[in-house]
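Values reported hereafter were calculated over all heavy atoms of this structure, with side chains retained and with hydrogens, waters and symmetry mates removed. A note on names: the letters A, B, ... follow the listed sequences, proteins ahead of strands, and every chain is numbered from 1.
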Protein chains: 2
Amino acid sequence: MNLKQLSESLGLSQTTVSRALNGYPEVSEATRQRVQDAAHRHNYRPNTRARSLATGRAHMIGHVIPISTRHEMMNPVFSDFIAGAGEAYAKAGYDMTLSIVPDDAEDATYRSLAQKKTVDGIVIHGPRANERRIKLLQDLDLPFVVHGRASAEDSDYSWVDVNNRRAFSRATELLLDLGHRRIALINGLEDMDFAIRRRQGYEKALRERGLDPDPELGASDEMTEHYGYDTARRMLAGDTPPTAFLVSSLISAIGVRRAIEESDLKMGRDVSVITHDDELSYLGNGKDVPIFTATRSSVREAGRIAASTLLELIEDPARTPRHHLLEAELMLGRSTGPAPQES
Amino acid sequence: MNLKQLSESLGLSQTTVSRALNGYPEVSEATRQRVQDAAHRHNYRPNTRARSLATGRAHMIGHVIPISTRHEMMNPVFSDFIAGAGEAYAKAGYDMTLSIVPDDAEDATYRSLAQKKTVDGIVIHGPRANERRIKLLQDLDLPFVVHGRASAEDSDYSWVDVNNRRAFSRATELLLDLGHRRIALINGLEDMDFAIRRRQGYEKALRERGLDPDPELGASDEMTEHYGYDTARRMLAGDTPPTAFLVSSLISAIGVRRAIEESDLKMGRDVSVITHDDELSYLGNGKDVPIFTATRSSVREAGRIAASTLLELIEDPARTPRHHLLEAELMLGRSTGPAPQES
DNA sequence: TTACGTTTCCAAAGCGCTTTGACACCTCTC
DNA sequence: GAGAGGTGTCAAAGCGCTTTGGAAACGTAA
């Protein structure tokens, strides 16, 4: 059933039916009722293709995910973000498209989405410190929101981010307060902006106590379980092993725990661990008492906020960029304790 | 730049330009070259909205994910499937939409996608044994592929699935061969078809050796880390604890391992574990030697296969339903060993 | 020369919706 | 009772593309 058939069956023009359904004031309440009833009865829903051609609005938001051997974007953190954003879209009657593309085709994909007019806006994931996509989208004149920030970018743009620096300096301070002096940082890839900020927080806290970060105790890579395991294993086997780990992802933290246990040590007693916890729906950090002491911030919530910020931007293009800085909570769990006494 | 402008700039009609770009034979090679060059130079790309209105094809595949407090679909397994499917779509010039909807609105979402003509086809995720969505989509006349199967459905439809029954009976047999007699099954929700089949495989293997499955050693729930931990903890604390666990998901297996270690037992020596491993890109099961002995089958590959099957179905609607049964490999890792001697 | 295929191109219709501009019709007001 | 103002409705244009049904241009054969 399309608009034409519906209007014929009602003996009204397409104009009137369209107006009645879209809430325009030019139709009488009586006709509106009649039209709505009929539409509901026939289960009528306007053809999106035609509607967006006519209105110029696709009611569709794009997310593009580069895929490469080196850096895997399609991770649990990402999918929780998507879940949050998706909720917000669905509520507002928007759809979401995911484009999974080889990372050398990423720019082309943004251009193409803009040219083909498939989406009304875009969310940028995983910004680098120096993020060329921001300029690209500004040039393409496509509304966008960044999940994270780009330190080296000085134009104004909308973003939603966690206060990574503060979170990691607080976590480091806690470990210092517990007497730890050799604190390892198991970080994400350090071309990613969030990883840079976390390192800054970590180093700031150390320096404020007169400590210099030991390069031996820093690692940076894709945050898999295996990376956490390998790195922790190696560090623990060193001459002056760390007494505490600060980890950028719960997934890697699970690997760190495995390494600690296989080294016949006990987490929380011999070695302390603090991890960042995105509150993933699947990889919950324990139930009542957290397994890991953690800097916690729901990435799903970030997704919701990013999505609704973007929708506002689309509804009102004149609106100036908006920024949301989320503070992470520092949750005490069972993975931290006083530094073991030198023996 | 749109078609009209492009054709004007070339001094050709829109028809000719359109044909030249879409590879129709009615244009001379010379004009085609000229047109393609110009299109490339102006970075022209046809407006999707207009194109799909004209052709009746959206070049878009829908995935709908119900969201509920009870059952969380947006899990790492799902996102790896999506990543695989997305690759296939991108290669074929298709886009993918994700609809995240409350689970009581799921049927309405399918109807709406069909009515609004937003997508050309749909992938059904997480089928139950008795799956009403199959009938629904058949009625809506929308091409679809199921990731998994529905035991109680007897109409013919396209699906991609792992041989869950075989995988779990082989895994059970391995444990039996190692001398284990008390084998626990930590399964997914048993209204899900895959969980039912896995249980069938498990029970079949036990019965063939004259053993009856012990209801005390069976559990069924959403496969979180915490569920694995809790269940294993409880079972290990029982009067006659299991000597081996068969787990439906790597995520829960991680919880099982945590429970084993906290019970001061050693996995692979005191207690054996076999898990199903979807080859998630993030939660790799070790690197060289697997951490867990596992039934392995790449869910990402399943996504690729499902997507291309669906695309074939769309290109040629007359095609009969297609089925892909993937066999899981049984990978030996470090989590299994001979059953400890009764003492 | 005419007739007839081929090749190459085009004008116009159509996809299903929104929106503009106009037109009846009614109700007030002076 | 005429003009002003409001209300409810409609015909038609337009969104940007594809595709149908010609038609001109150009051989080639009779």
Side-chain angles (χ1 to χ4, degrees), chain A residues 1-36 38-39 42-60 93-95 112-120 315, chain B residues 1-36 38-39 42-60 93-95 112-120 315:
Chain A
M1 167 78 48
N2 61 22
L3 185 61
K4 192 171 170 200
Q5 295 165 339
L6 180 62
S7 60
E8 276 167 5
S9 86
L10 279 162
L12 287 171
S13 76
Q14 296 190 35
T15 312
T16 307
V17 176
S18 168
R19 300 221 129 132
L21 293 175
N22 292 320
Y24 284 76
E26 294 94 337
V27 289
S28 70
E29 241 353 277
T31 344
R32 189 189 304 281
Q33 261 319 320
R34 203 158 66 87
V35 171
Q36 279 176 345
H42 292 105
N43 195 25
Y44 167 77
R45 263 172 244 277
N47 181 313
T48 354
R49 303 164 186 173
R51 160 179 269 183
S52 42
L53 181 56
T55 58
R57 301 281 291 283
H59 280 259
M60 191 86 96
Y94 274 70
D95 283 317
S112 157
L113 284 174
Q115 261 282 329
K116 298 199 298 185
K117 299 262 159 50
T118 5
V119 299
D120 296 331
E315 303 292 333
Chain B
M1 168 79 49
N2 61 21
L3 185 61
K4 192 172 170 198
Q5 295 164 338
L6 180 61
S7 60
E8 276 166 5
S9 86
L10 279 162
L12 288 170
S13 77
Q14 297 190 35
T15 311
T16 307
V17 176
S18 169
R19 302 222 129 133
L21 293 175
N22 292 319
Y24 283 76
E26 294 94 336
V27 289
S28 70
E29 239 355 275
T31 358
R32 189 190 303 282
Q33 261 317 321
R34 202 158 66 88
V35 171
Q36 279 176 344
H42 292 105
N43 196 23
Y44 166 78
R45 264 172 241 277
N47 181 314
T48 353
R49 302 165 187 172
R51 160 179 268 183
S52 44
L53 181 57
T55 59
R57 302 280 291 284
H59 280 259
M60 191 86 95
Y94 274 70
D95 283 318
S112 157
L113 284 175
Q115 261 282 328
K116 297 198 299 186
K117 299 261 162 40
T118 5
V119 300
D120 296 331
E315 303 293 332

Inset, instruction - Report yes or no: does A:Ser7 contribute a side-chain atom to a donor-acceptor pair with the main-chain N or O of A:Val17 at less than 3.5 Å? - result: no
Inset, instruction - Check every strand shown and say whether B:Thr15 touches a base, only sugar-phosphate, or nothing at a heavy-atom separation below 4.0 Å. - result: base
Inset, instruction - Report the residue (B:Arg19 or B:Tyr44) whose heavy-atom-nearest nucleotide on DNA chain D is the more 5′ of the two. - result: B:Tyr44
Inset, instruction - Could you tell me whether B:Ser18 contacts a base, only the sugar-phosphate backbone, or nothing, with contacts defined as non-hydrogen atoms closer than 4.0 Å? - result: base
Legend entry - Whichever of B:Glu29 and B:Ala54 has its nearest DNA chain C nucleotide further upstream toward 5': B:Glu29
Legend entry - Least distance between heavy atoms, A:Arg32 atom then A:Tyr24 atom: NH2-O, 2.6 Å
Inset, instruction - Spell out, as yes or no, whether a donor-acceptor pair under 3.5 Å connects the side chain of A:Gln5 to the backbone of A:Asn2. - result: yes
Inset, instruction - To the nearest 0.5 Å, tell me how far B:Ser18 OG sits from B:Leu12 CG. - result: 12.0 Å
Inset, instruction - Round to the nearest Å and state the distance from B:Lys4 atom NZ to C:dA11 atom C1'. - result: 14 Å
Inset, instruction - For A:Ser52, answer base if it contacts any base atom (sugar-phosphate contacts may also be present), sugar-phosphate if it contacts only those atoms, and nothing otherwise; contact means non-hydrogen atoms under 4.0 Å. - result: nothing
Legend entry - Residue whose nearest DNA chain D nucleotide is more 5′ - B:Leu3 or A:Thr16: A:Thr16
Legend entry - Side-chain heavy-atom pair A:Thr118, B:His59 within 4.5 angstrom cut-off: no
Inset, instruction - With the side chain counted from C-beta on, respond yes when A:Met60 and A:Ser52 share a heavy-atom pair under 4.5 Å apart, and no when they do not. - result: no
Legend entry - Comparing B:Arg32 and A:Asn22 on DNA chain C - which has the more 5′ nearest nucleotide: B:Arg32
Inset, instruction - For A:Thr48, answer base if it contacts any base atom (sugar-phosphate contacts may also be present), sugar-phosphate if it contacts only those atoms, and nothing otherwise; contact means non-hydrogen atoms under 4.0 Å. - result: nothing
Legend entry - Results of salt bridge (Lys or Arg N to Asp or Glu O under 4.0 Å) for B:Asp120 - residues two or more places apart only: A:Arg49
Legend entry - Side-chain heavy-atom pair B:Gln36, B:Leu21 within 4.5 angstrom cut-off: yes
Inset, instruction - Please round to the nearest 0.5 Å and tell me the distance separating atom OG1 of A:Thr31 and atom CG of A:Leu10. - result: 10.0 Å
Inset, instruction - Kindly calculate the angle separating the two end axes of the helix from C:dT1-D:dA30 to C:dC30-D:dG1, each obtained from five base pairs, and round it to 10 degrees. - result: 70°
Inset, instruction - Between C:dC10, C:dG21, C:dC9, spot the one nearest the side chain of B:Glu26, thanks. - result: C:dC9
Inset, instruction - Check every nucleotide of DNA chain D for an atom under 4.0 Å from a heavy-atom of chain A, then give the first and the last such nucleotide from 5' to 3'. - result: D:dG8 to D:dG16
